[in-house]
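Reviewing the structure listed below.
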Amino acid sequence: MRKQMTKDDMDWQMFADYYKIYQDFYIPEATERYWQELAEASAKFTNKYKTKYAFDLMALYLDSRELIFRLKKT
């Protein structure tokens, strides 16, 4: 039987924090402020959750925002 995550689990908190970043930066903007705040949020996230998984998750999210921004410009 699988164990269900609870709000007390570190993974639960990590995904909650990730989802907040996901929502806050969902639509890429052509402003220095957007990219600076996204960089700061991702650094804070990876410093809090010092795992390869958290780092890779955030790296993929950053790549996706950059790709969407570039595709939107064309």
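- Residues Y49 and L57 fail the side-chain proximity criterion, which asks for heavy atoms closer than 4.5 Å.
- Atom CD of Q36 is separated from atom OG1 of T31 by 10.5 Å, given to the nearest 0.5 angstrom.
- Just one of Y61, F55, Y18 meets the side-chain contact (heavy atoms from CB on, under 4.5 Å) condition when paired with F45; it is Y18.
- If you take CD on E37 and CZ on F25, they are separated by 5.5 Å, rounding to the nearest 0.5 Å.
- Annotation for N47 and K50: closest pair O-CE, 2.9 Å, computed over non-hydrogen atoms.
- F69 and P28 make their closest contact through CB-CB, 3.7 Å (heavy atoms, listed as atom of the first residue, atom of the second, distance).
- A54 and T46 get closest at one heavy-atom pair: O-CG2, 4.2 Å.
- Between K72 and I27, some side-chain heavy-atom pair lies under the 4.5 Å cut-off.
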Practice item. Before giving the answer on ring-ring contact (aromatic ring centres under 6.0 Å, His included), spell out for F15 and Y19 the whole-Å C-alpha distance, their side-chain angles and the decisive distance to 0.1 Å. Key: CA-CA 6 Å; F15 283 111; Y19 187 65; over 10 Å; no
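- A distance of 10.5 Å separates CG of L71 from CD of E66, quoted to the nearest 0.5 Å.
- In this structure, E40 places its CD atom where more than 12 heavy-atom neighbours from other residues, nucleotides or ligands lie under 6.0 Å away.
- With rounding to the nearest 0.5 Å, the separation of OH in Y26 from CD1 in I68 is 6.5 Å.
- Between M10 atom CE and K48 atom NZ the span is 7.5 Å, to the nearest 0.5 Å.
- For the pair I21 and A41, the tightest heavy-atom approach, listed with the atom from each and the gap, is CD1-O, 3.7 Å.
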